[in-house]
*Asks:* 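Please see the structure below; I have some questions.
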Amino acid sequence: MNIFRLSGDVCHLVAIIILFLKIWRSKSCAGISGKSQLLFALVFTTRYLDLFTAFISIYNTVMKVVFLVLAYATVSLIYFRFRKSYDSESDSFRVEFLLVPVAGLSFLENYSFTPLEILWTFSIYLESVAILPQLFMITKTGEAESITTHYLFFLGLYRTLYLANWVWRYHEEGFFDQIAVVSGVVQTIFYCDFFYLYFTRVLRGSGKMTLP
Amino acid sequence: SIDPARHDEL
């Protein structure tokens, strides 16, 4: 464990909590892509199946459980409790265009052709594109509430810190997880455009992020 | 190289 990975995991947890609390307190999921949250729940489900087969550490186990619980709780807020505020009209990204290539690639490019390993690989590839419905929804509506942008900022920060974590682990341990790194770089690139808008608009105190 | 079975990252 290193400071980059630990702070990355903390940023990830903060992002998920920001989103959950925003929906819970505002009793609305307006502007939130339910599809992205479904994809994230699927990412955690397919990645954390080893909860029952491989014990890494207390931290690892606790964080996996917390991420799973919060992911499903957020999805249930969007699709059940506050479903009247769910804007399915704007959340129109065709997720099948993500799931099919990601599933195909996870069968082609993996470390070993076993069910657990293919599901892990699927979750890695899926995570890199899971935010796209949310980013698409923001471009469609042309705006995002500032709390939603803070959620995206912390998600992007978690991914950026993971890149630093991999540099550190390669330098310190000779650790290099090619599938995770390539997929992680692609995922972080998707946030670059958002980061630009975030730093030039939201942090200028304009409150809401409106796209040009 | 990585031990593929040991995915110790979240």
Side-chain angles (χ1 to χ4, degrees), chain A residues 1-2 4-6 8-13 16 43-44 46-51 53-57 59-68 71 109-114 116-121 123-124 127 158-159 161-162 165-166 169-170 173-181 183-184, chain B:
Chain A
M1 179 55 80
N2 59 68
F4 302 110
R5 182 146 61 108
L6 187 59
D9 291 339
V10 169
C11 285
H12 193 184
L13 182 60
I16 293 174
V43 165
F44 294 142
T46 51
R47 185 176 305 177
Y48 297 160
L49 294 172
D50 65 353
L51 255 178
T53 59
F55 177 75
I56 306 280
S57 69
Y59 168 81
N60 190 274
T61 303
V62 167
M63 290 295 270
K64 285 177 176 177
V65 170
V66 167
F67 282 172
L68 277 166
E109 186 61 39
N110 53 61
Y111 290 132
S112 68
F113 204 79
T114 61
L116 262 184
E117 195 56 33
I118 287 176
L119 285 169
W120 176 85
T121 310
S123 82
I124 294 291
E127 189 189 0
Y158 137 65
R159 290 316 312 177
L161 286 166
Y162 254 67
N165 155 61
W166 287 323
R169 291 192 76 179
Y170 181 70
E173 310 163 34
F175 171 92
F176 182 67
D177 181 343
Q178 183 180 352
I179 288 178
V181 169
S183 181
Chain B
S1 79
I2 173 183
D3 162 19
R6 182 169 169 75
H7 300 305
D8 62 349
E9 295 183 342
L10 289 176

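Computed from a predicted structure; not experimentally measured. We name chains A, B, ... by the order of the sequence lines, and we start the count at 1 in each one. Computed over heavy atoms, backbone and side chain alike; hydrogens, waters and symmetry mates excluded.
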*Asks:* Is there a side-chain contact between B:Glu9 and A:Asn165 in this structure, where contact means two heavy atoms from C-beta onward sitting under 4.5 Å apart?
*Replies:* yes
*Asks:* Less than 4.5 Å to any heavy atom of chain B: does that hold for the side chain of A:Tyr170, its backbone, both, or neither?
*Replies:* neither
*Asks:* Using side-chain heavy atoms (C-beta onward) and a distance below 4.5 Å, is B:Leu10 in contact with A:Tyr162?
*Replies:* yes
*Asks:* For A:Arg159, enumerate each residue passing the salt bridge (Lys or Arg N to Asp or Glu O under 4.0 Å) test, keeping only those at least two apart in sequence or located in another chain.
*Replies:* A:Glu127
*Asks:* In the structure I gave you, are the side-chain heavy atoms of B:His7 and A:Ile56 within less than 4.5 Å of one another anywhere?
*Replies:* no
*Asks:* Partners of A:Asn60 by side chain to side chain donor-acceptor pair (under 3.5 Å), sequence neighbours excluded?
*Replies:* A:Lys64
*Asks:* Output the distance between atom OH (A:Tyr59) and atom CG (B:Asp8), rounded to the nearest 0.5 Å.
*Replies:* 11.0 Å
